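Proteins come first, then strands; the chains are lettered A, B, ... in the order of their sequence lines, and each starts at number 1. Being a predicted model, the structure only gives us computed values, none of them experimental.
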Amino acid sequence: MKLATWNVNSIRQRAEQVARWVKRAAPDILLLQELKCEAAAFPETLFAELGYRAEIVGQKAYNGVAVLSRLPFETRARALPGLPPHDTQARYVEIEAAGVVVGGIYAPNGNSGGDDGFAYKLAWLDALAVHAAHLLAADTPLILAGDFNICPTDADLAPGALAPEDALVRPESRAGFRRLLWLGLTDALRALHPTERLFTFWDYQASAFDADRGLRIDHVLLSPTLAERLVAASVERAERAAPHPSDHAPVVVTLD
DNA sequence: ATGCCGGGTCCTACCCGA
């Protein structure tokens, strides 16, 4: 199984690039984040023509996640279980394909909205950990992948790229990420590239990409039996170098 | 340390991203 995740920063702006990449890379499953549109505006037929069925959790202007799969799948959830019902932010979609539960993640950034905004980020991560714990307790083969908006360690950002009080590196955010690892999930990129300088996001400003001043905030987490099958994990930097790119590059994982 | 970039929308000044 080849699985990829990509924060596209507007699927309407990125449709042609994503379709070209899908054609070339041929992932079995592609998780998308920051669609920035409602489901009706998602370019569904473009991907149907390439053999992919979509599950779209859209939202006007902000957020928005989707799964594209060329494997048959069933949808299990269109919101993160455990969040209050009045929370309508489109940040989670969960499917089951080939016996594997796949959760597509767009975790809150946590820098806007002051204390409430950061508290929302932590509450969201807490709900994610509780949900993951339930699935893992039942030995469910599980992949949680997407934009977690967390640099797990100081090795996961260019020196000085963020202030110490930034929500992406705050100790509470990093503890939220470690909690997922303590549940038994494996960070696929770091498992195969323990010391490499690896980023998945580069700011549009100040030539951040050319200077390789990036962040590693997009992650693929694998449950134990799937981690045993991990054979490759990479960042598709060429997509960040393309004309009019997203500020994120795809992360791709291959399981035997 | 930042909103210089780039997306969105109440169409245009402002919000949000990381």
Side-chain angles (χ1 to χ4, degrees), chain A residues 5-18 31-43 56-66 87-92 104-125 128 145-177 189 197-220 235 237 239-251:
Chain A
T5 177
W6 195 357
N7 178 323
V8 293
N9 188 19
S10 169
I11 190 58
R12 288 177 290 178
Q13 294 295 322
R14 230 62 68 196
E16 294 300 326
Q17 183 186 356
V18 174
L31 306 173
L32 298 172
Q33 301 89 36
E34 280 212 85
L35 306 180
K36 292 186 168 180
C37 66
E38 291 174 323
F42 187 95
I56 305 154
V57 182
Q59 182 182 334
K60 195 178 199 173
Y62 301 115
N63 309 318
V65 292
D87 184 345
T88 54
Q89 297 194 29
R91 296 185 176 276
Y92 189 77
I105 307 287
Y106 179 49
N109 174 305
N111 278 313
S112 66
D115 291 345
D116 289 348
F118 188 62
Y120 176 63
K121 176 179 190 145
L122 297 184
W124 203 95
L125 292 171
L128 180 63
D147 180 355
F148 287 71
N149 270 318
I150 301 168
C151 300
T153 74
D154 285 346
D156 298 309
L157 71 161
L162 295 176
E165 63 271 22
D166 193 286
L168 279 63
V169 298
R170 289 257 302 251
E172 301 94 323
S173 305
R174 286 177 164 175
F177 189 82
L189 259 184
R197 179 182 170 94
L198 279 172
F199 303 136
T200 66
F201 165 94
W202 297 261
D203 201 296
Y204 288 119
Q205 300 174 73
S207 312
F209 183 65
D210 293 335
D212 200 23
R213 268 194 311 273
L215 316 173
R216 192 174 77 95
I217 55 176
D218 302 273
H219 308 295
V220 179
V235 180
R237 288 177 61 106
E239 298 307 309
R240 181 61 180 79
H244 307 292
S246 167
D247 37 10
H248 297 248
V251 177

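Applying the side-chain contact (heavy atoms from CB on, under 4.5 Å) rule to Gln13(A) yields the partners Ser10(A); only residues at least two apart in sequence or on another chain are considered. Under the ring pair (Phe, Tyr, Trp, His ring centres under 6.0 Å) criterion, Phe209(A) pairs with Trp202(A), not counting sequence neighbours. In terms of the salt bridge (charged side-chain N to carboxylate O under 4.0 Å, His left out) criterion, residue partners of Asp212(A) (sequence neighbours excluded) are, by chain and number, Arg197(A), Arg237(A). Residues satisfying the side-chain contact (heavy atoms from CB on, under 4.5 Å) criterion with Asp203(A), sequence neighbours excluded, are Phe201(A), Gln205(A), Ala208(A). Annotation: side-chain contact (heavy atoms from CB on, under 4.5 Å) contacts of Tyr62(A) (sequence neighbours excluded): Gln59(A). For Arg12(A), the salt bridge (charged side-chain N to carboxylate O under 4.0 Å, His left out) criterion is met by no residue, not counting sequence neighbours.
Distance check on atom P: dT9(B) versus dG3(B) gives 24 Å, rounded to whole Å.
Computed from coordinates, the Glu34(A) CD to dC15(B) P distance equals 18 Å when rounded to whole Å. Rounded to whole Å, atom P of dA18(B) lies 13 Å from atom OH of Tyr120(A). Straight-line distance from the CG atom of Asn111(A) to the P atom of dC16(B): 12 Å, rounded to whole Å. Following rounding to the nearest Å, Asp166(A) (CG) and dG17(B) (P) show an atom-to-atom distance of 11 Å.
An OP1 or OP2 oxygen of dG17(B) is reached within less than 4.0 angstrom by a side-chain nitrogen or oxygen of Ser112(A). For His248(A), no side-chain nitrogen or oxygen approaches OP1 or OP2 of dG17(B) to under 4.0 Å.
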- Note on the structure: Each nucleotide of nucleotides 2-12 of chain B classed B (base within 4.0 Å of a protein heavy atom), S (only sugar-phosphate) or -, in 5' to 3' order, makes BBBBSBSSS--
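Looking only at distances, no side-chain donor or acceptor of Lys60(A) sits under 3.5 Å from a matching main-chain atom of Glu38(A).
Residue pairs meeting the side-chain hydrogen bond (donor to acceptor under 3.5 Å, both in side chains) criterion with at least one partner in residues 148-162 of chain A, sequence neighbours excluded, are Thr153(A)-Asp156(A), Asp154(A)-Arg174(A), Asp156(A)-Arg190(A), Asp156(A)-Arg216(A).
Residue contacts for Asp218(A): at a heavy-atom cut-off of 4.0 Å it reaches no nucleic acid atom on any strand shown.
Under the 4.5 Å side-chain criterion, counting only non-hydrogen atoms from C-beta, Thr5(A) is in contact with Gln33(A).
If you check residues 147-159 of chain A against DNA chain B, the residues with a heavy atom closer than 4.0 Å are Asp147(A), Asn149(A), listed by number.
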